[in-house]
Structures are given as structure tokens and as C-alpha cells.
K.L.:
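The structure that follows is given in the form of C-alpha cells.
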Amino acid sequence: MLDLKFVRENYDEIKKKLDKRGEDLADFEKFPSLDEKRRELIRETEALKAKRNEVSQEIARKKRNKEDADALIQEMREVGERIKDLDERLRAVEEELDQLMLSIPNIPHESVPVGESEEDNVEVRRWGDLPEFDFEPKPHWEIAAKLGILDFERAAKVTGSRFVFYKGLGARLERALINFMMDLHSEEHGYKEMWPPFLVNRASMTGTGQLPKFEEDAFKIREDDYFLVPTAEVPVTNYHRDEILDADDLPLAYCAYSANFRSEAGAAGRDTRGLIRQHQFNKVELVRFVKPEDSYDELEKLTGHAERVLQLLGLPYRVVSICTGDLGFAAAKKYDLEVWLPSYHTYREISSCSNFEDFQARRAGIRFRREPNKKPEYVHTLNGSGLAVGRTFAAILENYQQADGSVVIPEALRPYMRGIERIEPK
RNA sequence: GGAGAAGUACCCAAGUAGGCUGAAGGGGCUCCCCUGCUAAGGGAGUAGACGGUGUAAACCGUGCGAGGGUUCGAAUCCCUCCUUCUCCGCCA
């Protein structure tokens with residue numbers, strides 16, 4: 001959410017910047033009149049309330065002195081009616097303004113490349129040599145089938161499409177990846193390890209920006225208004241919702257594993273095979289709460305932490321700076337890490353690292369105090385996948401596949417696999 | 001899931017015949033005095049937050065878990081919800 005005063009004072013400039021996202025700005029046009037209407041109603045209603053408070057004192061005094069206060073009471077009865085009426089109108093206007101503000105995306109940072117779609121994203125750097133095969137590399141679902149470590153068919157029977165069973169060494173590999181990533185970030189990168197709830201309430205989903213605009217993307221438990229987490233970002237960022245943090249504690253860094261649930265509305269027909277796009281997938285998430293002046297350095301740092309996972313696993317990747325037209329709703333700037341998938345002959349997103357500046361913090365009420373008695377300020381929040389585990393699983397199968405159908409386990413992972421160096425066809 | 005009790009400021013806690021209580025008292029914290037260390041003692045200060053008006057000083061509004069209602073006026077009365085605790089049931 002953007003700051004009301006800031007929008008009021010910089011309306012035209014902000015409009016220009018939002019336009020670069022390719023957003024429909026029809027709603028935003030309503031801002032100036034709504035904002036003015038709101039303030040007008042506040043002025044009116046508060047003047048009446050001040051009067052009511054004053055006269056109520058007067059009535060109390062008269063009653064104590066056994067004087068007649070009927071005329072005043074009669075007068076205040078009318079004032080009360082007017083206040084009630086104005087309050088109702090004010091509430092309606094504030095509700096509308098609130099919905100408007102909650103649906104306006106973040107302003108892109110000046111360093112974000114201007115563009116319309118993912119075509120215009122800018123590659124920042126590449127790492128690693130692409131693997132060379134003296135045979136035709138197979139897609140990961142075919143490799144997995146030979147190894148007997150994934151079962152999509154039975155998952156479809158048990159649940160539905162876009163779900164999967166990991167089996168045997170496949171299940172162990174998935175678990176090894178989670179443990180490897182969590183250990184790396186908590187032991188070496190200084191993140192505090194968290195294990196969050198996988199269901200969150202509406203306020204949390206609104207705090208990080210999934211709601212109100214993207215409700216159809218989420219799985220919802222209807223009767224108690226809970227949502228299955230689409231990413232651990234939601235519970236972990238909201239961990240500090242409505243809090244004022246100590247400046248000395250910043251930056252705060254958390255890493256959290258969670259299963260992630262996404263309805264993938266609108267993705268019908270895309271990536272229907274394999275692990276790339278599932279309704280449920282595992283991910284290790286990095287979340288940072290930082291001082292505003294540090295947040296862009298922090299974004300580089302966080303991106304580096306995610307990259308480190310790929311480097312240790314020996315998976316070739318590139319870093320892409322997401323352009324204005326492709327930027328997520330809440331992000332001011334975003335880097336994607338894209339891992340090389342041989343069977344696709346292309347890089348595919350495996351991590352997304354964003355700086356939200358104070359956009360989420362304002363929605364979620366996450367502030368900090370620089371010094372005692374100073375006014376609280378909003379923190380900047382960042383997060384990034386470190387990494388999406390299912391896609392990492394797929395990348396390992398594809399990049400480490402051998403001519404005989406086996407898959408070599410990257411060395412860094414072997415301690416987590418009880419020493420297993422290779423998964424052989426069944 | 002059933003039955004009870006409770007939610008007041010950083011913490012504990014008083015406050016129902018509704019009005020001079022936005023909130024007694026204590027602890028903690030900050031400052032000052034006294035005390036050559038320590039212990040103890042004395043005094044002062046300690047809602048923050050959000051919103052509105054204003055160049056500003058400042059003034060006004062909201063605020064006693066949340067949201068409604070009754071009333072000229074609510075921490076105090078009524079309703080709904082949330083959370084915590086105790087007991088029972090059920091489970092992992």
C-alpha cells in the first residue's frame with residue numbers, strides 16, 4: 001500500500017510511474033476526489049464531536065447542581081443524529097478509499113528496466129557451464145519414471161491433477177534438499193530458522209499483498225476464512241504484523257520451509273507435465289526486515305544467498321532483472337534466478353527475490369523505532385526463494401542425468417542422502 | 001466439541017446505582033537528591049499510536065481485546081466475534 005499523504009502530494013508523478021507497469025489506472029483516477037471527500041467528512045464530524053463532548057460536560061455539571069438540562073439534552077439528541085449520519089457516510093468513503101489503496105501496486109524502483117512483458121526482462125549475469133551430453137537429455141519426468149521416484153498418476157487418483165507423490169530415494173532427495181537449504185541459510189547466512197503455520201487468515205494475506213486482488217490464485221478454507229499459504233513469505237512476514245521493532249534488532253532475517261499451495265488459475269495447459277507447475281510444492285523462503293536506507297544492498301545480499309544454493313549444487317543459472325511490466329504487484333524491484341533445464345533448452349525460474357520497500361510494511365503495520373521517543377517508521381521487507389525445492393529437484397535430475405538413466409547426486413547433497421552418490425534405475 | 005472465567009497503558013492491577021477517570025495504586029524504566037562501594041531511602045517523569053486543522057507552537061477527534069447497539073453522554077449496560085486460562089471430551 002502506498003502512503004496516503006505521499007500519493008496526495010505526488011499524484012501526477014506516481015501516476016506516470018504506475019503507468020509503466022501497464023496497469024489499468026481507471027480506479028486510480030478516483031483518488032483525488034475520494035481523498036478530498038474523506039477529509040471533508042472528517043472535518044465535519046469531528047467539529048460536531050468536539051461540540052458534543054463539550055456540551056456533555058455541561059449537562060453533567062447541571063445535573064450535579066440539580067439544574068434543568070432538558071434543553072441541552074434535546075439539542076444534543078439532534079447533534080447525535082447528525083454525527084451518526086456523517087459517520088456512516090465517512091465509513092463508506094473510507095471503505096472505498098481503502099479498497100482503492102489496497103489494489104494499487106507498488107511503484108517500481110528507478111533501477112528497474114522499463115518494459116511491457118517478460119520479453120523485456122534484463123539478464124544481469126550468468127553462472128556455471130552448461131552440461132554437455134553425448135546423448136539426448138531427457139525431461140525430468142521421464143528420468144524420474146525410469147528411477148521410480150515420482151508418481152503423478154496415483155497423485156491424480158488420490159487428489160487430482162498437478163499433484164505428485166515422491167517415492168523412495170525421490171522422497172529422500174526432496175527432504176535432503178530442504179534440509180540442505182535450511183542448514184545453509186541458518187548456519188552460514190545468518191537466518192533464524194522458522195517453521196510456520198501452513199494456513200493463514202485473511203489479514204495476513206492482505207498484509208503481504210495476495211489479497212484483495214488475487215483471491216482466485218489461493219486455496220481457501222471457506223468456513224473459517226483461512227487460506228493455504230501460497231508461500232512462507234505470508235506467515236513469516238506477518239509474524240511481525242502490527243509490531244514496532246527495535247532498531248538494534250534490524251536487519252531481522254528468517255528462513256522458513258513450507259509447502260506452498262497455488263490454484264494456478266489461468267495456467268491451464270502450461271507446464272502440464274512434470275514438477276514445474278504443481279498445486280502443492282515445497283519451498284525454502286528467505287525473509288528480511290531491514291532499515292529503509294539498507295534495502296537495496298539487502299536485496300543484493302539476499303539474492304546472493306539464493307544463488308549460493310545453486311552454486312553449491314553445481315546448477316548453471318542466470319540472474320534476471322524483472323522489468324516494470326512483469327514486476328509483481330507488491331514488489332518495487334525483483335530479480336529472478338533461472339536455472340538451466342537441458343530438456344527445455346532454456347532457463348526456468350527457480351527463485352524470485354524482491355524488495356517491497358515499505359509496501360508490505362504499511363499494509364501489515366510493521367515498523368521500527370530508530371531511537372526511544374522517536375516516531376516509528378515503516379521497515380522495508382524483502383524475500384526470496386532459497387529455493388523452490390521441486391524445481392531444484394527437476395534441475396538436478398536433468399543436469400545430472402547419465403547415459404544409463406541414472407542420476408548423480410551433487411556432492412554437497414550426499415551427506416543429506418546418507419552418503420548415496422547416485423540414484424539407479426529400478 | 002462441551003462447561004466456566006478473564007481480556008484496562010512496558011508489566012501487574014483498581015475501576016458497575018453510566019457523567020468532575022484517558023483511566024487510582026504498584027512494579028519496571030528515565031532523570032534528580034541523599035548515601036564514600038553495596039544495600040536502602042527521598043523527589044520528579046513515564047500512553048503510545050493513528051487521524052484532522054495549522055508554516056509552527058498548538059488545538060481537536062479516535063482510543064480500556066475487536067466490531068456493532070442503547071444513551072445527550074459508556075472502560076462501566078446489551079449483542080456478536082476473537083484470544084487466553086481452568087475443567088471435561090477427543091485426538092497426534
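Letters go in sequence order (proteins before strands), and every chain restarts at 1.
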K.L.:
For C37(B), which nucleotide in any strand shown is its Watson-Crick or wobble partner with both distances under 3.5 Å?
P.N.:
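Across all strands, not a single nucleotide pairs with C37(B).
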K.L.:
Could you check Arg38(A) against Arg91(A) and say which one's nearest nucleotide on RNA chain B is further toward the 5' end?
P.N.:
Arg38(A)
K.L.:
How long is the line joining CG of Asp242(A) and C1' of C50(B), in whole Å?
P.N.:
12 Å
K.L.:
For A6(B), give the paired nucleotide (Watson-Crick: N1-N3 plus N6-O4 or O6-N4; G-U: N1-O2 and O6-N3; both under 3.5 Å), or none.
P.N.:
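Answer to the pairing question: U83(B), which forms a Watson-Crick or G-U pair with A6(B).
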K.L.:
What is the separation between atom CZ on Arg363(A) and atom P on C50(B), rounded to the nearest whole Å?
P.N.:
19 Å
K.L.:
I want to verify a distance call: between G52(B), G48(B), G19(B), whose nearest atom is closest to the Ile42(A) side chain?
P.N.:
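Closest nucleotide to the Ile42(A) side chain: G52(B).
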K.L.:
Tell me: CG of Leu90(A) to P of G61(B), nearest whole Å?
P.N.:
16 Å
K.L.:
Atom CD of Glu243(A) and atom P of A49(B): how far apart are they, to the nearest Å?
P.N.:
16 Å
K.L.:
Between Arg39(A) and Asp35(A), does any side-chain N to carboxylate O distance fall below 4.0 Å?
P.N.:
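Yes.
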K.L.:
For A49(B), which nucleotide is its Watson-Crick or G-U wobble mate, given both distances must be under 3.5 Å?
P.N.:
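With both distances under 3.5 Å, A49(B) matches U62(B).
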K.L.:
Just to be sure I understand the rule, does Arg362(A) reach a base, reach only the sugar-phosphate, or reach nothing, if contact means heavy atoms closer than 4.0 Å?
P.N.:
nothing
K.L.:
Where the side chain of Arg39(A) is defined as all heavy atoms beyond and including C-beta, which of A49(B), U62(B), U53(B) is the nearest nucleotide?
P.N.:
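The nucleotide sitting nearest to the side chain is U53(B).
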K.L.:
Roughly how far apart, to the nearest Å, are G67(B) and A14(B) at atom P?
P.N.:
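Between the two P atoms, the distance is 24 Å.
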K.L.:
When you measure from the side-chain N and O atoms of Lys375(A) to the phosphate of C50(B), is any distance below 4.0 Å, counting only OP1 and OP2?
P.N.:
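Checking Lys375(A) against C50(B): at least one side-chain N or O falls below 4.0 Å of OP1 or OP2.
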K.L.:
If you measure from the C1' atom in G4(B) to the same atom in U62(B), how many Å do you get, rounded?
P.N.:
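My reading of the C1' atoms in G4(B) and U62(B) gives 35 Å.
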K.L.:
Output the single nucleotide from G52(B), G19(B), U62(B) whose closest atom is nearest the side chain of Lys63(A).
P.N.:
G19(B)
K.L.:
Grab the CD-P distance between Glu46(A) and G63(B) for me, whole Å please.
P.N.:
11 Å
K.L.:
Examine U62(B): is either OP1 or OP2 under 4.0 Å from a nitrogen or oxygen in the side chain of Asn53(A)? Give yes or no.
P.N.:
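For U62(B), OP1 or OP2 has a side-chain N or O of Asn53(A) closer than 4.0 Å.
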K.L.:
Do the side-chain N or O atoms of Arg52(A) get closer than 4.0 angstrom to the phosphate oxygens (OP1, OP2) of G73(B)?
P.N.:
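Yes, Arg52(A) has a side-chain N/O under 4.0 Å of OP1/OP2 on G73(B).
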K.L.:
Does a sphere of radius 6.0 Å around CZ in Phe6(A) hold more than 12 heavy atoms from other residues, nucleotides or ligands, not counting ones at 6.0 Å or beyond?
P.N.:
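12 or below, so no.
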K.L.:
Quick one: is U71(B) close enough that its OP1 or OP2 comes under 4.0 Å of any side-chain N or O from Lys84(A)?
P.N.:
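No, because none of the side-chain N or O atoms of Lys84(A) sits under 4.0 Å from OP1 or OP2 of U71(B).
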K.L.:
Does the G19(B) base have a donor-acceptor partner in the side chain of Gln57(A) within less than 3.5 Å?
P.N.:
no
K.L.:
Using the C1' atom in both, what is the distance from U46(B) to C10(B), to the nearest Å?
P.N.:
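Those two atoms are separated by 10 Å.
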K.L.:
Once you round it to whole Å, what is the distance between C1' of G73(B) and CD of Glu54(A)?
P.N.:
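Spelled out: CD on Glu54(A) to C1' on G73(B) is 14 Å.
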K.L.:
When you measure from the side chain of Ala50(A), which nucleotide among C60(B), C72(B), G19(B) comes out closest?
P.N.:
C60(B)
K.L.:
Using atom P of each nucleotide, how far apart are A9(B) and A49(B) to the nearest Å?
P.N.:
15 Å
K.L.:
How is Lys62(A) classified with respect to the nucleic acid when contacts are heavy atoms under 4.0 Å: base, sugar-phosphate, or nothing?
P.N.:
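The answer is nothing, as Lys62(A) stays clear of every strand by at least 4.0 Å.
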K.L.:
Less than 3.5 Å apart, any donor N or O on the side chain of Ser204(A) or Asn201(A) sitting next to an acceptor on the other?
P.N.:
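Asn201(A) and Ser204(A) do have a side-chain donor-acceptor pair below 3.5 Å.
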K.L.:
Quantified in whole Å, what is the P atom distance between nucleotide G26(B) and nucleotide A13(B)?
P.N.:
16 Å
K.L.:
Name the pairing partner of U55(B), where a pair is Watson-Crick or G-U wobble with both distances under 3.5 Å, or state none.
P.N.:
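U55(B) is unpaired by these criteria.
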K.L.:
More 5' along RNA chain B: Ile244(A) or Glu78(A), using each one's nearest nucleotide?
P.N.:
Ile244(A)
K.L.:
Give the minimum heavy-atom separation between Gly209(A) and Arg363(A), together with the two atoms involved.
P.N.:
CA-NH1, 3.5 Å
K.L.:
Parallel, tilted or perpendicular: which one describes the rings of His185(A) and Tyr191(A), with boundaries at 30° and 60°?
P.N.:
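Judged by the thresholds at 30° and 60°, the geometry between His185(A) and Tyr191(A) is perpendicular.
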K.L.:
Looking at every heavy atom in both Ser406(A) and Leu147(A), which two are closest together, and how far apart are they?
P.N.:
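So the two residues come closest at CA-CD2, 4.3 Å.
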K.L.:
If the P atom of U80(B) is compared with that of A24(B), how far apart are they to the nearest Å?
P.N.:
32 Å
K.L.:
Using a strict cut-off of less than 4.0 Å between a Lys/Arg side-chain nitrogen and an Asp/Glu carboxylate oxygen, indicate whether Lys84(A) and Asp87(A) qualify as a salt bridge.
P.N.:
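A salt bridge is absent here (no side-chain N lies under 4.0 Å from a carboxylate O).
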K.L.:
Searching all strands shown, indicate the nucleotide that pairs with G19(B) (Watson-Crick or G-U wobble; both distances under 3.5 Å).
P.N.:
C72(B)
K.L.:
CD1 of Ile83(A) versus P of A74(B): gap in Å, rounded?
P.N.:
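Value for this atom pair: 10 Å.
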K.L.:
Among the candidates U53(B), C72(B), A49(B), find the nucleotide nearest to the side-chain atoms of Arg367(A).
P.N.:
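Looking only at side-chain atoms, Arg367(A) lies closest to A49(B).
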K.L.:
Applying a 3.5 Å limit to both distances, which nucleotide forms a Watson-Crick or G-U wobble pair with G89(B)?
P.N.:
none
K.L.:
Find the distance Asp70(A):CG to G73(B):P and express it as a whole number of Å.
P.N.:
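It works out to 15 Å between those atoms.
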K.L.:
If we take the C1' atom in both G28(B) and C82(B), what is their distance in whole Å?
P.N.:
30 Å
K.L.:
Mind checking the P distance from G42(B) to G27(B)? Whole angstroms is fine.
P.N.:
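My reading of the P atoms in G42(B) and G27(B) gives 10 Å.
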K.L.:
Any Lys/Arg nitrogen of Glu264(A) or Arg162(A) sitting under 4.0 Å from an Asp/Glu carboxylate oxygen of the other?
P.N.:
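Not counted as a salt bridge, because no side-chain N and carboxylate O are separated by less than 4.0 Å.
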K.L.:
Is the phosphate of A49(B), meaning OP1 or OP2, less than 4.0 Å from a side-chain N or O of Arg369(A)?
P.N.:
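Answer is yes, contact under 4.0 Å.
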